[in-house]
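Numbers restart at 1 for each chain; the letters A, B, ... are given by sequence-line order, proteins then strands.
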Amino acid sequence: MTTTAESTTTGSGLTSEQRAKQASRRLHRSEHRWALAFVAAPIVGFLLFTLYPICFAVYTSLTSWNGLGPKTFVGLDNYVTLFGDEYFRISMYNTFFYMIGIPIGLALSLLLALALNRKIVGRTTFRTIYYVPVISSLAAIAIVWQFAYNGDFGLINQVLAWFGIDGPDWLQNTATVKPAIIIMAIWKGLGYSMLLYLAAIQGVPASLHEAAALDGANSFQRLRNITLPMVRPVTFFLVVTNIIAGSQIFTEINIMTPNGGPEFSSASIVWYIVRKAFKYQQVGYATAMAVVLGVLVFVITLIQFRLNRRNSFSID
Amino acid sequence: MKRNRLIASAACAAIAGALTLTACSGGDSDSNGDSNADKEITFMFRGGPDEKAAYETAIAKYTADTGVKVKVIVTDADQYATKLQAAVAGNNVPDVFYIEQASLQSYVSSGVLMDITDEVAASGIDLDNIWPYGVDSYRFDGTLQGTPDGALYGLPKDVGPFSFGYNKTMLEAAGIPLPDPEIPLSWDDFVDISKQLTTDTDGDGAIDQWGTGLNVQWNLQSMVWSNGGDWTNEDRTKVTVDTPEFAEALQQFADLTNVDKVTPSASDAATLDTYQRWMAGEIGFFPVGPWDVSTYNKLDFDYDLIPWPALSTGQSATWIGSLGIGVSETTKYPEDAVKLVTYLSADPAAQETLVAAGVQIPNLIDMAETWAAKPDSTPANNQEFLDIVQDYGRAMPAAFTYGAEWYDELWTNIQPVLDGKQTAADYLAEEQPKMQALLDESNGTAEQAAAGS
């Protein structure tokens, strides 16, 4: 390296041992600097783009602010209002209602992964088909599904009509709008979960299956006692990420039901936050809701990690 | 070593660059000379090709007259508000921009909009020749907006009288005498004619032609006002939707569908909205705004304007929309920016382009009168638009309050009333306290903002 060469020429009055020491110190120093530079990048990023916005948000949530002018400090007023706000309650309820789709989606994607793990004809084609929604734009998908859900001309009701079922006007009906959005969300997320499950299933050591088969376990027992426990980390990962993503559901709601659905029946919490902040310019109040949502997601995730630790085990 | 240093300093520069980027406000560097050729002002607006073409005319003329260049930013209608808010948050407000009536107060009290009273007076345009409603909409005296004495914060981009029309071809075919263009139909007559028009024209057993098909969010105002009701009291402090007049009007609106059965049913309307059905010639009576004229003139049937049907007071009523053009408080060239506003709002050539495109009525009163008096115009009775602006049109209930949340609340849960599952009176009694709370909140914010600025 150039450093060593330079130090030998400059440090001419020293013993070779001292020279070597000095050289290595220099080398270390310069490497330390590099190390610090590399460490600094994410830390500066974290401070600037995570910690600072969080502090800013917490402070903003204690103010009355229209997003334009100066903030007025109002203490905990926003939080007090929030607990009496009927629409906050409804949109929270709706948001959790949408999460019904998570276990359904996971079960379906596990089934699909098991099916597509077998040597069936057109396996790659099927895998691709199920993965296409994942890489498609959510906005485009929401618009297409909006057409599909149309009361009279929609694809869904046309198919139902073949079986003599008179389908509802999905997105205009308080009883069907949430299930309609859940169905769409499951369809959209299926491919991603399937892919992870597929990888996990293929990672299960064949020796375990062989040993169990020798002991007389049938295929269902092998699924229950070997495959399922072995893919549990993936299930855990998917549950955590799905809940975090699910609590922020917004785009499909905003496109498919721009007014929050009939009688506010499809409005999610993030949709309500956006509306308060950018339509009614109540940025302080909206931020308070966002802080509550953030804390809630944090607590739920913490609980999940605790539960998971209790259930986890490892094989050596 | 040298190479390493070079890389290190490059990395530092990159990081520093990234940091300064976030702090950069994007402001233009100061121009040195005073000559107008160096000046450039930004104008941000939303709109379609017609507006764009009209403003290009006005801007070209402005640049020719003053030498000041104009940078134009056009956005989609639904992106405009977000984009403007982002510009404000980033301290990079366009010099001249569109402003909605309902957000004027928050922009004024936040110090975003400039008081342009003096500059407009100095620019030499004749304010008396622009619709008073349009100008006064952008006046604000610190407490009330829309009064003739407040300071001026913008000029109208347009005034939009929301008028009422009928399908002339359909009425003639049904042998119904055409309604008088001067005297409003009584509500009973209106319902009566609508009943006659609601039929199954092709005999397949399903109704395919309806008397009318109205939208509660845009048409209830006319009915409530004409019935002597209103959303709030005079000084916009008390919500008055729980009055019998208001309830009766809303009930009659719902009855059009549920009792009189002269509109497409909710599911018919969800399939193909009444706007599309009107354009397909399936609907007898339908609202017409100036922005609809270019579209409606291309339809297969003839239509004309009439006063809105009158309820118990016997008087027509409707609303006038408006959008304004304001100037940023932080503009470097206040006089030039205000001058541009006057060109956009009141330049005769630009106005003619917009009117010819069929998207608005002239802002200039003398020009509007000549326009309405032209004998062979379509719709024939476009004088009705001017009558609305001059005589019986009003501002939207939430146009001059601090934000419109209290007003939107009414629509959120209204569907059961429209479906006939709840009476109007019950619903309004439930809604009044909720709306009142939101209005109190918005008035409180307004006071707080006024005190803070």
Side-chain angles (χ1 to χ4, degrees), chain A residues 1-7 26 30-31 33-34 37-38 40-41 44-45 48-49 64-72 74 81 84-87 90 150-154 168-174 254 258-265 267 274-285, chain B residues 1-5 7-8 11-12 14-15 18-19 22-23 78 81-82 84-86 88-89 93 102-103 105-113 217 266-272 402-406 408-409 411-416 419 434 437-438 441-442 444-446 448-449 451-453:
Chain A
M1 233 183 129
T2 44
T3 337
T4 355
E6 255 176 52
S7 65
R26 276 203 191 181
S30 112
E31 284 200 340
R33 239 182 331 214
W34 274 108
F38 278 115
V44 167
L48 210 64
F49 298 112
S64 163
W65 186 39
N66 64 4
L68 307 168
K71 302 186 184 80
T72 323
V74 293
T81 323
D85 184 346
E86 193 194 356
Y87 292 131
I90 298 176
N150 183 296
D152 283 64
F153 300 133
D169 191 358
W170 291 89
L171 298 175
Q172 305 303 323
N173 187 323
T174 48
N254 199 40
N259 290 313
E263 295 164 60
F264 226 68
S265 53
V274 168
R275 182 164 147 118
K276 275 282 189 184
F278 298 107
K279 184 160 183 203
Y280 299 130
Q281 266 111 41
Q282 297 169 17
V283 181
Y285 183 62
Chain B
M1 193 72 188
K2 266 189 188 139
R3 194 142 119 243
N4 284 3
R5 277 215 190 109
I7 297 170
C12 287
I15 291 171
L19 294 184
T22 59
D78 36 341
T82 325
L84 182 59
Q85 215 170 351
V88 172
V93 191
S103 32
Q105 291 183 39
S106 64
Y107 277 87
V108 169
S109 55
S110 308
V112 177
L113 270 178
Q217 281 201 37
S267 69
D268 286 332
T271 308
L272 190 61
Y402 195 96
E405 188 179 19
W406 68 273
D408 289 344
E409 166 64 34
W411 315 125
T412 307
N413 295 303
I414 207 167
Q415 198 56 42
D419 294 342
K434 294 190 207 166
L438 291 168
E441 202 179 294
S442 107
T445 318
Q448 201 182 50
S453 65

Asks: Between B:E405 and A:K276, does any NZ, NE, NH1 or NH2 come within less than 4.0 Å of an OD or OE carboxylate oxygen?
Replies: yes
Asks: Tell me, out of A:T81, A:L171, A:L68, A:T72, who's got the most heavy-atom pairs with chain B below 4.5 Å.
Replies: A:L68
Asks: Which value, rounded to the nearest 0.5 Å, describes the distance between A:E86 atom CD and B:T412 atom OG1?
Replies: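 Answer for the CD-OG1 pair, A:E86 versus B:T412, is 10.0 Å.
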Asks: Side-chain contact, heavy-atom cut-off 4.5 Å: B:T445 with A:Q282?
Replies: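 They are not in contact (no side-chain heavy atoms under 4.5 Å apart), so the answer is no.
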Asks: Counting only non-hydrogen atoms closer than 4.5 Å, does A:Y280 touch chain B with its backbone (N, CA, C, O), its side chain (CB onward), both, or neither?
Replies: side chain
Asks: Using a 4.5 Å cut-off on heavy atoms from C-beta on, say whether the side chain of B:Q85 contacts that of A:Q281.
Replies: yes
Asks: Passes side-chain hydrogen bond (donor to acceptor under 3.5 Å, both in side chains), B:E409 versus A:Y87? Steps please.
Replies: CA-CA 11 Å; B:E409 166 64 34; A:Y87 292 131; 2.7 Å; yes
Asks: Let me know if A:A277 has heavy atoms under 4.5 Å from chain B in its side chain, its backbone, both or neither.
Replies: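 Looking at A:A277, just its backbone touches chain B.
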